[in-house]
*Asks:* 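Quick one: this structure, given as structure tokens, is what I'll be asking you about.
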Amino acid sequence: MDWKKEIQILEETLEQLKARYADRIDLKTLEELRVKFLGKKGPIKALFDFLKIAPKDEKRELGQAVNRIKGLFESWIVEMRQSLEYHEEEIRDLTVPSRLPSLGHRHIITQTIDEITSVFKGLGFAIATGPEIEQEYYNFTALNIDITHPSRDAFDTFYLKIPPDKKKGKFLLRSHTSPMQVRIMEAISPPVAAIVPGRVYRPDAVDASHSFMFHQIEGFLVDKAVKFSHLKGVLLEFARRYFYEDVKLRFRPHYFPFTEPSAEVDISCQLCKGEGCSACKQTGWIEVLGCGMIHPNVFKHLPSEYEGYTGFAFGMGVERLCMLKYGIPDIRLFYSNDLRFLSQF
Ligand code: PHE
């Protein structure tokens, strides 16, 4: 037997097979080829049989050559089978849903705004939004904020470098959402009850509890014979729904130019139930918003159809309410886009 030639033919055949099936082979053909070349009746087995009776001085060389060609065939078959399995897997089930990109969700501030506004919506308030670039008239004058009031100072308000309006004064980034009280009542006849979420701006240095931009929610209700007790009722209902069922409210006298009387409202501390703890600075109470009866001087700026009406107004900081509810220690967490924080909500 000319085994050298046999082996050379096998090597060439393998090269041809590799070329022919480089792109694709099916499992059946591959199995047939395996049996044909590596099976009991195949040429490699024949060579091994011959090895047993081969002349002694050729045995070593023959043995090495046969093992080598056997290995080449085997590894080609294994390789082809693996690539086949890979492809099969790929097309096994076309109905398997693809991997979804991770979906985002509403920012916790947006969620808080939605939650608060929906409480007031349930109480019959309409929801409105207004301009962040405001005019002096709406932000201050119409709200009875005197020209000497510190909040009108250039250090306490962002004024824009555009020519002022002859009637309504300088343009600025609104420092609260209260201007919308006047804007809405200019546009809508009484009675009116509205809630206004939105961004406000103050040139405060940023720290754990201050930001140059934050969110407020303004609310007001104007009708015949509206009293302070209505304000209390509405705020208590809000606090029950947003904070917790048996919450208590405390109204502390305060001053706002656009309300009279004015009050700051505290909620009873849920953590210590009024005992005093670090969350409420040992007082048992936590300040949550400002409010009052709309000042007669504000009514003077409204259309005459508002004569004879009274109303209440309140304003709250969204970040603050959210921080209280979830125990968030630093306002900057809302704005730093850290998914470890945001994805918790
Ligand atoms: N605008 C006030 C503030 O920004 C809050 C407020 C609104 C107080 C309405 C009373 C009535 O501090």
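Residue indices begin at 1 and follow the sequence shown. Both backbone and side-chain heavy atoms feed into the values below; hydrogens, waters and symmetry mates do not. Just so you know, ligand 1 is whichever comes first in the structure, and atom 1 is the first atom listed for that ligand.
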*Asks:* As an exercise, identify every atom of ligand 1 less than 4.0 angstrom from a heavy atom of Arg202.
*Replies:*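 Numbered from 1, ligand 1 contributes 3 (C), 4 (O).
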
*Asks:* Classify the ring geometry between Phe345 and Tyr326 as parallel (under 30°), tilted (30 to 60°) or perpendicular (over 60°).
*Replies:*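 Plane angle over 60°, so perpendicular.
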
*Asks:* Determine the interplanar angle of the His176 and Phe258 rings, folded into 0 to 90°, and report it as parallel if under 30°, tilted if 30 to 60°, perpendicular if over 60°.
*Replies:*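 Judged by the thresholds at 30° and 60°, the geometry between His176 and Phe258 is perpendicular.
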
*Asks:* Is the closest heavy-atom distance from Met316 to ligand 1 below 4.0 Å?
*Replies:*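 Met316 does not count as a contact of ligand 1 under the 4.0 Å cut-off.
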
*Asks:* Would you mind telling me if ligand 1 is within reach of the side chain of Phe314, the backbone, both or neither, using heavy atoms under 4.0 Å?
*Replies:*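 Backbone only; the side chain of Phe314 stays clear of ligand 1.
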
*Asks:* Quick one about Asn139 and Ser175 (side-chain donor to acceptor, distance below 3.5 Å, no hydrogens or angles considered), yes or no?
*Replies:*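 Note: Ser175 and Asn139 side chains meet the donor-acceptor criterion.
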
*Asks:* When you measure from the side chain of Thr259 to the backbone N and O of Pro261, does any donor-acceptor pair fall under 3.5 Å?
*Replies:*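 No, Thr259 side chain to Pro261 backbone: no donor-acceptor pair under 3.5 Å.
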
*Asks:* One residue to check: Glu264. Relative to ligand 1, which of side chain, backbone, both or neither has a non-hydrogen atom less than 4.0 Å away?
*Replies:* neither

*Asks:* Enumerate the atoms of ligand 1 whose separation from the nearest heavy atom of Cys291 is less than 4.0 angstrom.
*Replies:*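 It comes down to these atoms of ligand 1: 8 (C), 10 (C), 11 (C).
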
*Asks:* What orientation do Phe228 and Phe251 show, parallel under 30°, tilted 30 to 60°, or perpendicular over 60°?
*Replies:*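 Judged by the thresholds at 30° and 60°, the geometry between Phe228 and Phe251 is perpendicular.
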
*Asks:* If you count the atoms of ligand 1 from 1 in the order shown, which ones are under 4.0 Å from a heavy atom of Gln216?
*Replies:* 3 (C), 4 (O)

*Asks:* Using modelled atom types and a 3.5 Å cut-off, is there a donor and acceptor pairing between side-chain atoms of Gln135 and backbone atoms of Lys170?
*Replies:*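 Flag not set: sc Gln135 to bb Lys170 has no pair under 3.5 Å.
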
*Asks:* If the contact criterion is a heavy-atom separation under 4.0 Å, does Phe258 count as touching ligand 1?
*Replies:* yes

*Asks:* Any idea which part of Ser175 is under 4.0 Å from ligand 1, heavy-atom wise: side chain, backbone, both or neither?
*Replies:* neither

